Amino acid sequence: MTMNDTGGDVTFADLGLRPELLDVLATLGYEEPTPIQREAILPLVQGHDLLGQAATGTGKTAAFALPMLQRMPPPGDQSEQNGPLTLVLVPTRELAIQVSEAFHRYGRVLGTRVLPIYGGAPIGRQLQALKRGVDVVVATPGRALDHIRRGTLDLEGLRTVVLDEADEMLDMGFAEDIEEIIAAAPEDRQTVLFSATLPPRIDGIARRHLRNPVRLEMGRAAAEGQTTPLVEQRAYLVARAHKAAALGRLLDIEAPTAAIIFCRTRDEVDQLTETMNGRGYRAEALHGGMEQEQRDRVMSRLRAGTADLLIATDVAARGLDVEQLTHVVNYNVPSAPEAYVHRIGRVGRAGREGVALTLAEPREHRMLKAIERVTQQQIPVKRLPSVADLRARRMELTRGALEEVLIQDDLAPFHAVVESLADEFDLMEIAMAAVKLAHEAGGSVPDEQEIPEIAPRNVEKRGKQWESAPDGRRVTRSPAGGMARLFFGLGRSAGIRPQDLVGAITGESRLNGRDVGGIEIADRFSLVEVPQNMADEVIDALRGATIKGRRTTIRREREQRRRTRD
Ligand code: AMP
């Protein structure tokens, strides 16, 4: 079986998942199963063995976790036996943690007990947890084998063994351990094998240990030839913590007329929309949880040009055709090559040129390679624009704006100003001063922080270097370099949103939305970061102004703290 079809309309409910799990998925904002989930869930629930070719980013973890959870006893009805029903073997500690977290996230409502087991961690806690009883063990092979030999991991009641990232486990020398572990599992177990690649050694394992497996492979033919050369494709490797900043940087450089940004889940759409609005972009959310009327409104704002970013899930963007679109951005690597092809097909239509940008976390690099293979097109990995690039680009935009004014030639009213200055200054100097003013009015930013570069050669070893800090908008304990923090006496209880604060600041002062840094909105007050050297000007400018129809105190945050302490 190959995953060629885009098979749009299959829902999680169609896959027969129990209501508790459907609720969890809805809460997580998963709108539809990914191709691998569509193909894998049902056979796994039915107890079939499975051999799946899938890399990180395809949604493969949920593809095996959900069927395992589907068969867990209802809460409070755990059986007498202590050993796990499911054993997942993974190559690395990072993956053990990640997969455990996924099981926990999906299975919490069912009371499923999940235990990660890996080398390097204190064995005492693992022993205690094993004694209390577990439903799912996610382990690296070496440590799993330790426990099996000690008799502390009881596989008697095991129903399923999952080998996740099997090729990686073989590369790391776990072949013999895996054989020994499988030999310790019951004969009539279910065996599931996922691997990004299917070299002969994997086939060997499959032949020895899988019985009539369902075979899933990434579709090969489907996507070929559908992309048009008019779409310029590029990718950027970015750690998770820096994605929002990277997106902003790219948008500033690319200056799209209108762009659509694809996210995986509803939550991600909502969060990113808020973040981008907080940074001064005009972004609208579009996802499957919205009423038709809301969606129509969003689309008309995009068409009318009062919004320039559309942040959407695949489901919501299906069938969407917006003429103005110049850019498609994948905020993460799509879950299948077909999804990638569909997404980038939104631009470059009818002979227009388009740009497709993909932000990939280091661990998603493999998925990117898979997309290249299937589409038979290169997606070159580029360096993110640096602060210097951004400055150069802003300078270029200022130059362009000046050129336009020069061509329009309605400069007569300014003649006298230049003439009077020319008595005292050199014409070149006057021109430079005028350019400086124009440039600063165009929103030049003092200094932005560099986004750490990830060299492509590091990325194949996945999981090591990616960070999991929350993304962008929140203010940190102390303001970023060169920034001051302002206290506003209005907060969530007054209905304040980030865009209200940014709107007030940019409306009343010389600041541009992009100058505004982190924003945090508490119940009764808000904190906003602005460039240090502009803080007083912003305070002055906002004196007497109203936000959402209400007057507010505004001052530097530190002053406020000092006063409370006094
Ligand atoms: P994986 O390939 O298992 O590493 O999953 C990649 C990411 O996709 C994870 O962050 C999941 O939370 C997310 N994900 C998995 N399935 C879905 C889905 N059906 N819809 C949206 N996001 C998903």
Side-chain angles (χ1 to χ4, degrees), residues 3 6-15 17 21-42 44 52-69 88 90-92 94-108 138 162 164-165 168 192 194-196 216 218 240 243 262-272 287-289 311-318 330-340 343 358-371 462-463 466-468 470-471:
M3 292 180 288
T6 52
D9 297 336
V10 178
T11 64
F12 281 111
D14 295 335
L15 300 174
L17 290 177
L21 291 176
L22 293 179
D23 285 348
V24 171
L25 296 171
T27 314
L28 290 173
Y30 289 13
E31 297 197 321
E32 59 172 3
T34 66
I36 188 120
Q37 291 162 1
R38 262 191 332 249
E39 305 288 344
I41 288 177
L42 210 51
L44 287 181
Q53 189 223 340
T56 297
T58 52
K60 73 176 153 66
T61 314
F64 63 77
L66 294 172
M68 298 302 114
L69 294 167
V88 184
V90 296
T92 62
E94 287 81 6
L95 201 59
I97 295 171
Q98 245 168 269
V99 171
S100 297
E101 282 173 356
F103 265 100
H104 189 68
R105 200 161 50 233
Y106 306 134
R108 193 168 22 204
V138 184
V162 180
D164 190 17
E165 311 219 345
E168 193 94 341
V192 181
F194 278 106
S195 189
L216 300 182
M218 214 79 82
R240 184 184 293 197
K243 275 166 82 172
F262 282 101
C263 292
R264 281 201 180 112
T265 64
R266 285 176 197 182
D267 282 0
E268 201 172 47
V269 165
D270 286 336
Q271 271 175 27
L272 188 61
H287 58 60
I311 303 185
T313 55
D314 286 300
V315 171
R318 208 159 274 154
N330 297 306
Y331 196 61
N332 14 51
V333 179
S335 61
E338 292 75 15
Y340 179 85
R343 286 179 179 189
T358 301
L359 298 186
E361 285 174 41
R363 66 200 185 100
E364 293 172 329
H365 194 229
R366 260 204 158 140
M367 187 60 198
L368 203 60
K369 292 277 158 211
I371 293 172
R462 88 203 58 175
W466 68 278
E467 300 161 44
S468 56
D471 85 11

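Not measured: the values here are computed from a predicted model. One-based numbering, in listed order, for ligands and for the atoms of each. Just the heavy atoms: all of them, side chains too, but no hydrogens, waters or symmetry mates, feed the values below.
- No donor-acceptor pair under 3.5 Å is formed between the side chain of Arg266 and the backbone N or O of Thr313.
- Under the 3.5 Å distance criterion, the side-chain polar atoms of Asp14 are matched with a main-chain donor or acceptor of Thr11.
- Nearest protein heavy-atom neighbour of atom 11 (C) of ligand 1: Tyr30 OH, 3.3 Å.
- Looking only at protein heavy atoms, the nearest one to atom 3 (O) of ligand 1 is Thr61 OG1, 2.6 Å.
- Judged as a salt bridge (Lys or Arg N to Asp or Glu O under 4.0 Å), and not counting sequence neighbours, Glu268 has no contacts.
- The aromatic rings of Tyr106 and Tyr30 stand perpendicular to each other, their planes meeting at an angle above 60°, with 30° marking the opposite boundary.
- Remark: minimum distance from atom 21 (C) of ligand 1 to any protein heavy atom is reached at Arg264 O, 3.4 Å.
- For the pair Leu42/Pro67, no side-chain contact is recorded, criterion being any heavy-atom separation below 4.5 Å from C-beta on.
- Using modelled atom types, no side-chain atom of Thr58 and backbone atom of Ala54 make a donor-acceptor pair closer than 3.5 Å.
- Contact annotation: for Phe12 versus ligand 1, heavy atoms closer than 4.0 Å belong to the side chain alone.
- Of the N or O atoms in Glu31, none lie within a sub-3.5 Å distance of an N or O in ligand 1.
- The protein atom (non-hydrogen) at minimum distance from atom 6 (C) of ligand 1 is Gly57 CA, 3.9 Å.
- Ranking protein heavy atoms by distance to atom 15 (C) of ligand 1, first place goes to Gln37 NE2, 3.5 Å.
- Every atom of ligand 1 with a heavy atom of Thr265 under 4.0 Å away is listed here by number and element: 21 (C), 22 (N).
- Taking the centre of each ring, Phe262 and Tyr331 stay at or above the 6.0 Å mark.
- Ligand-side atoms of ligand 1 in range of Gly59: 1 (P), 2 (O), 3 (O), 5 (O), 15 (C), range being under 4.0 angstrom from any heavy atom.
- Nearest protein heavy-atom neighbour of atom 19 (N) of ligand 1: Glu32 O, 2.8 Å.
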